[in-house]
Amino acid sequence: MTPDLEATLKKLPDRPGVYLMRDARGEVVYVGKAQSLRHRVRSYWQKAASGPLEGHRIRAVIDKITDVEYTITDSVSEALLLEANLIKRYRPRFNVRLKDDKSYPYIKITMADDFPRVERTRKLVDDGSRYFGPYASASSVDESMNLVRRLFPFRTCTIEIKDGERALQRPCLLYHIKRCQGPCIQAVSKPDYRAQIDQIELFLEGRQETVVKALSGEMRAASDRTDYEAAAGLRDKIRAIERTMESQKMAAFRRTQLDLVGLARQDNQAAIQLFVIRNGSLLGRDVFLLDAAHEAPDVEVLASFLEQYYARATSIPPQVLVPFALPEGGDLEAFLTGRRGGPVRLLVPQRGEKRELMALAAQNAAETLAREQARWLADQGKTLVALEELAEALALPGPPMRIECYDISNVQGSDSVGSMVVFEEGKPRSGEYRRFRIKTVVGANDFASHQEVLRRRFRRARSGEEGSAEELRWAMPDLVIIDGGKGQVAAAKEVLDELGLHDLPVAGLAKEREELFLPGASAPIVLPPTSGALYMVQRLRDEAHRFAITYHRDLRSKRQVHSAFDDLPGVGPKRRRALLRVFGSAKRVREAPVEQIAAVPGIGASLAARIKETLEA
């Protein structure tokens, strides 16, 4: 134990909070919460067998822990929420964590718009929108959105539509096939469109009976005023909702709102089957996969899922059924109660329909996990063979489990950019991809551009150098691949030697003949055309090229997309749209008399004179 760590442990407060354990490289290896930071964190360094559930797993690497950071919270409930967010941010290897938890999708209703959109999103933003989810997969979201679209037409376009303004002259195809009500052409009023959005919200909340009741009233009103076509449309909509309700109905849980959680474990993975039941309807039955060390007990896996899932869930019921009691169940109930704004209880079903449904959930989770394991083992076997082939070809000490690949993209030296992509165990780690805008190189100089990128990537990798916390957390690769031949490899090796990274393996992959070049070697290495190693490096190179050229195109597009309207004094987006709506182009504005420009709403005589003067100049 270092003196700094010992001093930190001595001053730990007897307060609830969250703690982060870091190793010598600054990487977060574990995130935990505690009712008492002092008692919980110190217990990891105690020799006794007693201690936190995860203590035995962490003690295997406790000697590598060099620093403990902590944050005091007002309550354990607050600590639970902070812990879930930090696990999502740092993805520590000793925590139980949801797989790909950054990409779970939601259904979003943009309530801040005059005519809200219903769309799929993977980001929760506090922008006044209403969110439903998270869903386990994009297909689950698409299924729900397709059902809602058939019942309640809504707009998906991103054009700005204001109440009382006609945004387009003609509607799109969705309006003609009755999948949109046409707010862009003022075919529907704001109150009527909002009423439709209210029904979508009720439907996604599982309150279909309320929707049917409201539609039935509208149908009778339409019939009373002899608008039989509208009444028939409402009748068909009611029947479609009732058919959906029948397919979802679970009579045993009528008038009940609950989530039911089933668990299955295998090796270092776990699967959670989540049944979402609202008013007797099964709204969702998603399976979530988790990374969970074999040594982690079931209670820790289940508790970690509940924390991470409900930290971002938009709907929390008053009851959550779980397969077994949790030691920290009281803290979790307090956390869920705070998130819901009403009482929430964790219950273990003992008999009857709820117990049978729990068994079904566990069975579904086990089957999903078995399929996932079989697919993973097949992929993992091929990947390991490919990495071993690559290690043998390049004379590496072992399979390169982390590979970084670099590429440069430019057009005749302009908007030059570099990319870094990362593969770990043969799989892309897109969250660790990085892109670099070339700053010091003028013109199309591949060698110097590669050197700049590598300096910026590795200059802070050596211990003791200053750098951002993010850069210091980047793991060192087992192999660096450069897109290029002998010249690029020699330039890369020069930078690595300059930074003292003499032992870091580097190779170049030439596009023309798919040859691998090593520093100082006169002849290239040619991998067999059917080799898994060749496929691996080609994937790396293609991914680096895709990432670089996408960034390059973005920069070039931003520079090229520029109109005369962008330079007009006193003309913002709203006035620019007004001018385009009237004249259609900057050329016609330039040719128009000042009086005609001044007649555009929001322009006026003095601004019109400045616009005319600017365009003619």
| task | Kindly determine whether Asn85 and Arg89 satisfy side chain to side chain contact (heavy atoms under 4.5 Å, CB included), including the steps that lead there. | result | CA-CA 6 Å; Asn85 290 333; Arg89 176 182 176 185; over 6 Å; no
Could you tell me which non-hydrogen atom of [X] sits nearest to which non-hydrogen atom of [Y], and how far apart they are?
| X | Y | result |
| --- | --- | --- |
| Asp259 | Ile277 | OD1-N, 4.3 Å |
| Leu290 | Val301 | CD2-O, 4.5 Å |
| Ala271 | Leu369 | CB-CB, 4.0 Å |
| Ala548 | Val417 | O-CG2, 3.5 Å |
| Thr8 | Val68 | CG2-O, 3.4 Å |
| Pro477 | Leu504 | O-CD1, 3.3 Å |

Should [X] and [Y] count as side-chain neighbours, where that means a heavy-atom distance under 4.5 Å?
| X | Y | result |
| --- | --- | --- |
| Leu81 | Glu83 | no |
| His450 | Ile408 | yes |
| Phe517 | Gln488 | no |
| Leu124 | Tyr106 | yes |
| Phe324 | Val299 | yes |
| Leu37 | Pro16 | no |
| Phe458 | Leu501 | yes |
| Asp478 | Ile403 | no |

How many angstroms lie between atom CG of Leu384 and atom CD of Glu389, to the nearest 0.5 angstrom?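 Going from CG on Leu384 over to CD on Glu389, the span is 10.0 Å.
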So how far is it from Leu321 CG to Met358 CE, rounded to the nearest 0.5 Å?
->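 Here the interatomic distance stands at 5.5 Å.
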Which is it for Ile482 and Leu509 under the side chain to side chain contact (heavy atoms under 4.5 Å, CB included) test, yes or no, and what are the steps along the way? CA-CA 6 Å; Ile482 303 295; Leu509 179 63; over 6 Å; no
Looking at [X], I want to see if its [atom1] is surrounded by more than 12 non-hydrogen atoms of other residues, nucleotides or ligands under 6.0 Å.
| X | atom1 | answer |
| --- | --- | --- |
| Tyr131 | OH | yes |
| Glu69 | CD | yes |
| Asn146 | CG | yes |

Side chains of Tyr90 and Glu27: do they bring a donor and an acceptor to under 3.5 Å?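 No, no side-chain donor-acceptor contact under 3.5 Å.
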query: Does any donor atom in the side chain of Tyr44 or Tyr19 lie under 3.5 Å from an acceptor atom in the other side chain?
result: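 Tyr44 vs Tyr19: donor-acceptor pair found between side chains.
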request  = Flag the pair Phe335 / Tyr310 as yes when their ring centroid distance falls below 6.0 Å, and as no otherwise.
outcome  =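 No: the rings miss the under 6.0 Å criterion.
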Is the distance from the ring center of Phe288 to that of Tyr309 below 6.0 Å?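 For Phe288 and Tyr309, the ring centres are under 6.0 Å apart.
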Backbone N or O of [Y] within a donor-acceptor pair of the [X] side chain at under 3.5 Å?
| X | Y | value |
| --- | --- | --- |
| Ser419 | Ala544 | yes |
| Arg120 | Lys108 | no |
| Ser43 | Arg40 | yes |
| Glu425 | Met401 | no |
| Arg38 | Leu12 | yes |
| Gln273 | Asp286 | yes |
| Arg97 | Pro92 | yes |
| Glu452 | Ser449 | no |
| Asp127 | Ser129 | yes |
| Asn95 | Ile87 | no |

Run the salt bridge (Lys or Arg N to Asp or Glu O under 4.0 Å) check on Glu432 and Arg402 step by step: do they pass? CA-CA 11 Å; Glu432 298 189 33; Arg402 179 185 172 94; 2.8 Å; yes
Among Arg434, Arg429, Arg457, whose side chain to side chain donor-acceptor pair (under 3.5 Å) with Glu404 holds?
->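 When Arg434, Arg429, Arg457 are each tested with Glu404, the side chain to side chain donor-acceptor pair (under 3.5 Å) holds only for Arg457.
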Strictly below 4.0 Å, N to O, side chains only: are [X] and [Y] in salt-bridge contact?
| X | Y | value |
| --- | --- | --- |
| Asp497 | Lys493 | yes |
| Glu515 | Lys486 | no |
| Glu328 | Lys33 | yes |

Note to self: Does Leu516 form a side chain to side chain contact (heavy atoms under 4.5 Å, CB included) with Leu527? I'd like the steps, not just the answer.
What the structure shows: CA-CA 8 Å; Leu516 284 168; Leu527 296 171; 3.7 Å; yes
- prompt: Between Tyr433 and Glu543, does a side chain to side chain donor-acceptor pair (under 3.5 Å) hold up when you go through it step by step?
  reply: CA-CA 10 Å; Tyr433 287 11; Glu543 181 71 349; 2.9 Å; yes
**Request:** Please report the C-alpha distance between Lys88 and Arg91 in whole Å, then the side-chain angles of each, then the deciding distance to 0.1 Å, and finally whether the side chain to side chain contact (heavy atoms under 4.5 Å, CB included) criterion is met.
**Result:** CA-CA 6 Å; Lys88 178 182 177 181; Arg91 301 184 63 81; over 6 Å; no
